[in-house]
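By convention in this document, chain letters (A, B, ...) are assigned in the order of the sequence lines, proteins followed by strands, and residues within each chain are numbered from 1.
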Amino acid sequence: MSAREAALAKTYDPAGTESRWQQAWETCGAFHPDPAAPGEPFAVVIPPPNVTGSLHMGHAFNTALIDTIVRYRRLAGNNVLCLPGTDHASIAVQTILEKQLKAAGQRKEDLGREAFLEKAWAWKAESGGTIVGQLRRLGYSVDWQRERFTLDAGCSAAVVEAFNRLHEQGLIYRGEYLVNWCPASGSAVSDLEVEMKEVDGHLWHFRYPLSGGSAAAASSGRTHLEVATTRPETLLGDTAVAVNPRDPRYAHLVGQTLTLPLVGRQIPIVADDHVDAEFGTGCVKVTPAHDPNDFAIGQRHDLPLITVMAKDGTMNEAAGRFAGLDRFDARQAVVAAMEAEGYLVKVEPYRHSVPFSDRGKVPVEPLLSTQWFVKTEPLAARCREALDAATGANPRFVPERWAKVYRDWLTDIRDWCISRQLWWGHRIPAWFVVSETGGLITDSTPYVVARDELEARAKAEQQFGCGTHAHPLVLEQDPDALDTWFSSGLWPFSTLGWPDADAADLERWYPTSVLVTGFDIIFFWVARMTMMAGALMGDGLAGDGSPDGSRDGNPAAWIPFRDVYIHGLVRDENNRKMSKSAGNGIDPLLLIERYGADALRFALVREVAGAGQDIRLDYDRTSDTSATVEASRNFANKLWNVTRFALMNLGGETPASLGQPEPAHLQLADRWILSRLARVNRETAERYASYGLGEAAKGLYEFAWNEVCDWYVELIKRRLNPGENPSPDALVDQRTARQVLAKVLQELLLMLHPLMPHLSEELWHGLTGQPVETFLSLQRWPVLDVAALDDVLESSFAELIEAIRVVRNLRAVAGLKPSQSAPVQFVTGRPTLAALLTAATADITALTRAERVDVLSAQQGSRQRALAGVSGELQVLLPIEGLVDLDALRARLDKDIAKADKEIKGLAGRLANPNFADKAPPEVVAECRANLAEAEAQALLARQRLADLD
RNA sequence: GCCCGGUUAGCUCAGCGGUAGAGCGCCUGCCUUACAAGCAGGAUGUCGCUGGUUCGAACCCGGCACCGGGCACCA
C-alpha cells in the first residue's frame with residue numbers, strides 16, 4: 001500500500017514499508033554503479049564484519065553513518081560505490097568448529113585438513129549470511145552485487161600476490177623469535193591481539209645461591225642473591241641473573257656464577273641497563289625463552305635460550321621433574337619445591353598486568369617459535385611521511401586528533417607476526433623443499449615463496465636442481481595460515497580488482513574517498529591498510545625493504561582513502577562499551593522491530609553531534625524500549641502526517657503538476673518558509689559534506705517540526721481551504737500555498753533521505769506519484785535558491801511569531817479556554833513592526849483565536865483594563881473586561897518587570913565601566929546601548945500597565 | 001609512566017570570547033477536521049573547583065579534582 005493509497009492511516013507503520021523499499025532497491029540494482037558512469041567518483045569500502053558475527057549496535061552505528069554519507073553523495077551527483085563484505089575471522093570460526101567437533105568427541109586432526117575445511121565452508125554457507133541479512137534491514141545502500149569475502153577467489157589471489165611481492169621486496173621474512181602464543185587456540189597471535197589485564201597475583205622472592213668456591217662469594221660474605229618473580233615456573237628456564245651495571249651492591253659480583261635451584265644449572269650474573277636498581281632487590285632472574293625483556297637481555301649477553309614449556313601450555317622435558325604439568329600447576333609445584341628446599345624467602349600479594357589472548361581468553365605465553373613476519377618499519381616510515389606530507393595529511397583524520405594516535409603507533413612499531421597455526425584462512429604461499437630434509441619441515445628446511453605450486457616447483461628446481469629418480473624434489477606447502485588482518489589490510493584494493501591493475505573498479509574508485517570506522521581499530525585496520533598500500537599500490541620499495549628514494553609521487557595516489565572519519569563507540573545506559581562479552585549489548589533488531597530502521601538510524605546519527613565522541617543510548621531492559629529511538633520514531637510519524645496533510649490538501653496534484661509558485665503571489669509566510677528552506681538546504685549540504693552528520697540531523701528535525709509543521713502548515717490551513725465559492729484571488733492564493741507546501745515537502749524529503757531513507761522514499765512516492773522504480777535515492781539534491789534567502793524577512797517573521805506567543809501566553813495566564821475568543825491589541829511605536837502586524841492580521845487571528853486584531857500606535861494605546869504583556873518594543877493587550885484574572889495578570893507583569901530590571905542592571909553595569917566603552921568594539925557597545933534602551937522601555941511599559949490595573 | 005577525551009537543566013548532549021540552548025522527562029490546559037507517537041503554554045542551571053589573561057570567560061591559559069579511553073609496562 002503506497003502512501004497515497006494509505007492516506008487515511010494515522011500512524012506510520014515502518015515494518016512493511018522498509019522491507020518493501022529494501023527489496024525494490026536491490027531488485028533494481030539501484031546502488032550498483034557503473035564505473036563508466038559520469039559523476040565524480042566517491043567510494044567507500046565498509047569495514048567487513050566477521051562472518052561469525054551478528055549485528056550489534058556498533059555495526060548499526062557505523063552503518064548509519066556510512067550510509068548517510070554515501071546517500072548524500074549520491075544525491076549530490078557523485079558516482080558512488082559502497083562496497084560490502086565480511087572477513088573470515090580465522091580464529092573465531094576455527095574455535096566454533098573445534099567446539100562442535102569436541103562435542104562430537106572429535107578433533108580436527110581426526111578429520112584432516114581437507115574435510116575440516118569442507119565443514120568450515122559448509123558452516124560459512126549456513127550462518128555466514130546472518131550479518132549480511134541484518135545489514136540489509138538497516139537499509140544499507142551498498143552494492144550487494146559487489147559483495148566480497150576475504151576468503152573468496154579474488155581476495156585470496158590478492159593475498160597470494162601481496163605475500164609474494166612483499167617477500168620479494170624483503171618485507172616478509174621467516175625466523176625464530178619470541179612470539180605471543182595462545183595455548184587455547186594453539187597458534188601464535190600478533191601483539192595487537194594481546195590485551196593486558198590487571199590481575200591479582202603474587203610476587204615470590206627466591207634465594208639463588210652463589211656457586212661454591214666463588215672468590216667473590218667468600219670476600220663479600222654473600223652466599224646468595226635474592227630475585228623476585230610473578231612466574232616461578234619459568235625459573236626452570238633461567239639462564240642468568242641480571243643487575244644494573246651501576247649498582248654498587250652487586251658490581252663486584254658481575255661475571256660470577258649462581259647455582260639455579262631445583263635445576264642445578266650454573267648461571268652467570270650479568271650487568272644490564274634494563275634492570276632498575278631501585279625496584280625490589282635490584283636482581284632480576286633472566287628467562288630468555290619465556291619473556292620478551294629477558295629475550296632482549298639474552299641477546300645482549302649471548303645467553304642460551306631454554307624453552308621449558310610445550311605449545312599446549314604444559315611443561316616439557318627441559319622442565320625435568322615438572323615435565324607434563326600444566327603451566328599453572330607447575331607454578332604451584334615449583335613454589336612448593338623451592339619452599340621445601342629452603343629457597344623461598346617470602347610471598348607478597350602483587351597486582352600486575354598479564355597479557356591475555358583476545359580470542360582465547362587465556363594468558364598468552366611468550367614462546368620461542370619460527371614464524372613469518374612483516375617487516376613493518378619501512379612501511380610505517382612511508383605512512384608517516386604520507387601523514388606529514390607538505391601537501392597535506394594522507395589520510396586526513398576527522399576529528400584531526402586521531403592522526404596523533406595513528407602516528408604514534410607507526411612510530412617504534414614492532415614487526416608483525418602474520419603466521420597462524422590454523423587451517424581456516426589463507427594458506428601461506430610458501431613451499432618447503434622437504435626432500436632436502438628427509439621429508440620433514442624443520443626450522444632449517446629450505447623453502448620457496450611462489451604464486452602456486454607450479455611456480456614453486458620451478459623456483460625450487462632452479463635453486464636446488466632438478467630432482468632425480470633417486471632424489472625426487474618433494475615440495476610441501478607451509479601448513480600455516482595467515483592472520484585474518486593480512487587479508488583485511490588489502491581490503492580497499494583487493495575488493496576493487498587488484499592485483500589486476502587494469503580493473504575498471506580499481507581505476508575508477510581507488511583511492512577510496514573515506515573510511516568510516518571506530519577508533520578501536522585504528523591500529524588493527526587503518527594502519528595496516530595504509531602500510532599494505534604503501535608496499536603494493538605505490539611504486540615499490542627497494543629490494544632490501546628500505547624506501548627506494550625514487551618515489552616522489554603524491555601519497556594521495558596510493559594511500560587507500562582520502563579521509564578517515566573516526567567515530568565513537570556506542571555505550572550502554574551505564575556508560576560501558578557495549579560488547580558481547582559484557583553481555584550489555586542492545587539488540588538493534590529489537591529496536592528496528594519496535595521503532596523502524598529509520599528511527600534507529602536517525603537516533604544514532606542525531607547523537608553524534610560531537611564527532612568522534614562516544615554516544616550513549618538510553619535503554620530500558622525490562623521493556624526493551626528506548627526513549628531516544630522513540631523520539632525519532634515520533635519524528636518519522638510527524639513527517640508521515642505532514643505529508644498526509646499535504647496529500648489531503650493538494651487537490652490531487654503533485655509538485656510537478658503544481659509547478660513553481662509565482663513570485664508575485666507569494667505571501668509573507670511563503671517567502672519566510674522558502675527563505676528558511678534555502679538556508680537549511682545550504683547548511684545541511686555543508687554538514688553532510690563535512691561529517692557534521694549529527695548537526696545535519698538536528699537541523700532538519702528542527703526545521704521540519706518547529707518551522708514547517710508548527711508554523712508554516714498552521715499558517716496556510718486557512719488559504720488551503722478557501723470555503724464555498726472562493727474568489728479568484730482566493731484560488732490563486734490556494735494554489736500558491738499548495739505550490740509552496742509541495743516544494744518545501746519535496747525538498748525536505750530529499751534532504752532527510754540520507755538519514756531516513758525508507759520513510760522519505762515512501763513519502764516522496766506518495767507526494768510525487770512517481771513509479772516504484774523511480775527512486776528518491778537516485779534523485780538530485782535540491783538546487784539552492786539563493787534568491788529566496790532573506791535575513792530581514794526571517795527576523796521580522798521571528799517577531800511575528802513572538803507576538804503570537806505573547807498573546808497565547810496571556811490567554812493561558814488569564815485562564816481563557818482555548819475555545820474562547822478574545823480581542824487583541826498590539827501597541828508599538830515602531831512603524832515597520834506595526835506594518836508587519838497589520839499585514840499579518842488574518843494569520844494572527846487564526847493562530848490566537850482573536851476576536852479582532854488592532855494595531856495601535858503608542859499614543860492610541862488603550863487605557864482600559866486588559867491582559868497586558870510586553871515583548872521588546874511591543875505591548876500586547878487583551879482588553880477583556882470581567883474575564884480577567886487580575887492576580888495572575890499582576891504576576892505576569894511583575895515577572896516582565898523583574899526580567900527587564902535584571903537586564904537593565906547588567907547592561908547598565910557594563911556601560912558604566914569606562915574601560916568597556918574604550919576597549920570593546922563599537923558595534924558591541926552600540927548593541928549594548930540599544931538593548932539597554934529597549935529593556936528600559938519595556939520596564940516602563942510594564943510598570944504603566946501594572947499601574948493601570950489599579 | 002606517556003598520550004587523548006570528558007565534567008553545562010532531572011537524563012542525554014549542543015554551544016567554545018559579548019553574559020546560557022535543544023531533545024527527552026516534568027507541571028498546566030486541550031481529542032482545535034495531518035498527527036494524543038499530538039497541540040498550546042510553563043518551570044528548571046553559582047556552565048566540576050581554583051588562579052590568571054581580558055573592558056568582558058561556560059568558552060582562552062595554568063593548577064587541582066573526579067570520570068572515561070588508548071599506548072607502554074619493572075622482574
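Residue A:T229 places its side chain closer to B:rA75 than to any other of B:rC35, B:rA75, B:rG41. Comparing B:rA37, B:rC73, B:rA75 by their nearest atom to the side chain of A:R414 picks out B:rC73. Among B:rA34, B:rG23, B:rG29, the nucleotide with an atom closest to any side-chain atom of A:F645 is B:rA34. When distances run from any side-chain atom of A:A631 to the nucleotides B:rA34, B:rC71, B:rC24, the shortest one goes to B:rC24. Closest to the A:D710 side chain, of the nucleotides B:rC3, B:rC39, B:rA34, is B:rC39. Side-chain proximity of A:T11 to the nucleotides B:rC3, B:rA37, B:rA43 is greatest for B:rA37. Candidate nucleotides B:rC30, B:rA37, B:rG23 were compared by shortest atom distance to the side chain of A:N706, and B:rG23 ranks first. Counting only heavy atoms from C-beta on, A:K698 has its side chain closest to B:rA14 among B:rA14, B:rC24, B:rA75.
One finds a salt bridge joining A:R231 and A:E365 here, because a Lys/Arg side-chain nitrogen approaches an Asp/Glu carboxylate oxygen to under 4.0 Å. Taking the charged nitrogens against the carboxylate oxygens, A:D843 and A:R718 do have a contact shorter than 4.0 Å, which makes a salt bridge.
Summarising the base pairing, B:rU28 is matched to B:rA40 through a Watson-Crick or G-U wobble pair whose two defining distances lie under 3.5 Å. Nucleotide B:rG5: paired with B:rC67 (Watson-Crick or G-U wobble, both distances less than 3.5 Å). Base pairing annotation: B:rC60 forms a Watson-Crick or G-U wobble pair with B:rG52, both donor-acceptor distances under 3.5 Å. Of the nucleotides present, B:rC11 is the one that pairs with B:rG23 by Watson-Crick or G-U wobble criteria, both distances under 3.5 Å. The partner of B:rC16 is absent, by the rule that a Watson-Crick or G-U pair needs both atom distances under 3.5 Å.
When heavy atoms are screened at a 4.0 angstrom cut-off, A:V275 is found touching base atoms of the nucleic acid. Heavy atoms of A:S353 sit under 4.0 angstrom from at least one base atom. Residue contacts for A:C283: at a heavy-atom cut-off of 4.0 Å it reaches no nucleic acid atom on any strand shown. Within 4.0 Å (heavy atoms only), A:H352 reaches sugar-phosphate atoms of the nucleic acid but no base atom. At the heavy-atom level, A:V227 lies nowhere under 4.0 Å from the strands shown. Within the 4.0 angstrom heavy-atom criterion, no nucleotide atom of any strand lies near A:S819. No engagement by A:V405 is indicated, since no non-hydrogen atom pair under 4.0 Å with the nucleic acid exists.
When only modelled atom types and interatomic distance are considered, A:Y350 and A:D200 share no side-chain donor-acceptor pair under 3.5 Å.
Look at OH on A:Y701: it is 15 Å from C1' on B:rG21, rounded to the nearest Å. Across the protein-nucleic acid pair, A:R849 atom CZ and B:rU32 atom P stand 10 Å apart, rounded to whole Å. Spacing between atom CG of A:D191 and atom P of B:rC71 amounts to 11 Å, rounded to whole angstrom units. Taking atom CD of A:E702 as the reference point, atom P of B:rG23 lies 7 Å away to the nearest angstrom. As rounded to whole Å, 17 Å separates atom P of B:rG69 from atom NE2 of A:H567. Between A:E630 atom CD and B:rU12 atom P there is a gap of 18 Å when expressed in whole angstrom units. The CG atom of A:D247 sits 18 Å away from the P atom of B:rA75 (whole-angstrom rounding). Here the P atom of nucleotide B:rC71 and the CG atom of A:D358 are 10 Å apart, to the nearest Å.
Phosphate proximity of B:rG41 to A:R808: present, with a side-chain N or O under 4.0 Å from OP1 or OP2. Remark: A:Y350 is in phosphate contact with B:rA75, judged by side-chain N or O atoms under 4.0 Å from OP1 or OP2. Remark: A:R231 is not in phosphate contact with B:rA75, judged by side-chain N or O atoms under 4.0 Å from OP1 or OP2. Look at A:W705 and you'll find a side-chain N or O under 4.0 angstrom from OP1 or OP2 of B:rC39. A:N634 has a side-chain polar atom (N or O) that falls below the 4.0 Å cut-off from OP1 or OP2 of B:rG38. Between A:K717 and B:rA34, a side-chain N or O to OP1/OP2 separation shorter than 4.0 Å is present. Residue A:K10 places at least one side-chain N or O closer than 4.0 Å to OP1 or OP2 of B:rA36. Close to B:rG5, at under 4.0 Å from its OP1 or OP2, lies no side-chain N or O of A:R401.
Of the possible polar contacts, one joining the A:N641 side chain to the A:N637 backbone as a donor-acceptor pair under 3.5 Å is found. Panel note: side chain A:T376, backbone A:R414; a donor-acceptor pair is recorded below 3.5 Å.
Checked against the 6.0 Å centroid criterion, the rings of A:W402 and A:F397 do not qualify as a close aromatic pair.
Taking 3.5 Å as the limit, the base of B:rA34 and the side chain of A:E714 contain a donor-acceptor pair of atoms between them.
A:F523 and A:W409 have parallel rings, their planes meeting at less than 30° on a 0 to 90° scale where 60° marks the start of perpendicular.
Rounded to whole Å, the separation between the P atoms of B:rA57 and B:rC71 comes to 40 Å. B:rU28 and B:rA34 are spaced 28 Å apart, taking the P atom of each and rounding to whole Å.
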Dump every N/O contact between nucleotides 54-60 of chain B and the protein below 3.5 Å, one line per pair.
residue : atom : partner : partner atom : Å
B:rC55  : OP1  : A:K919  : NZ           : 2.7
B:rC55  : O2'  : A:N913  : ND2          : 2.9

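No more than 12 heavy atoms of other residues, nucleotides or ligands lie within 6.0 Å of NZ in A:K902, so this atom counts as exposed by the packing criterion. Within 6.0 Å of CD in A:E400 there are 12 or fewer heavy atoms belonging to other residues, nucleotides or ligands. By the 6.0 Å contact criterion, CG on A:D412 is open, its count of non-hydrogen atoms from other residues, nucleotides or ligands being 12 or less.
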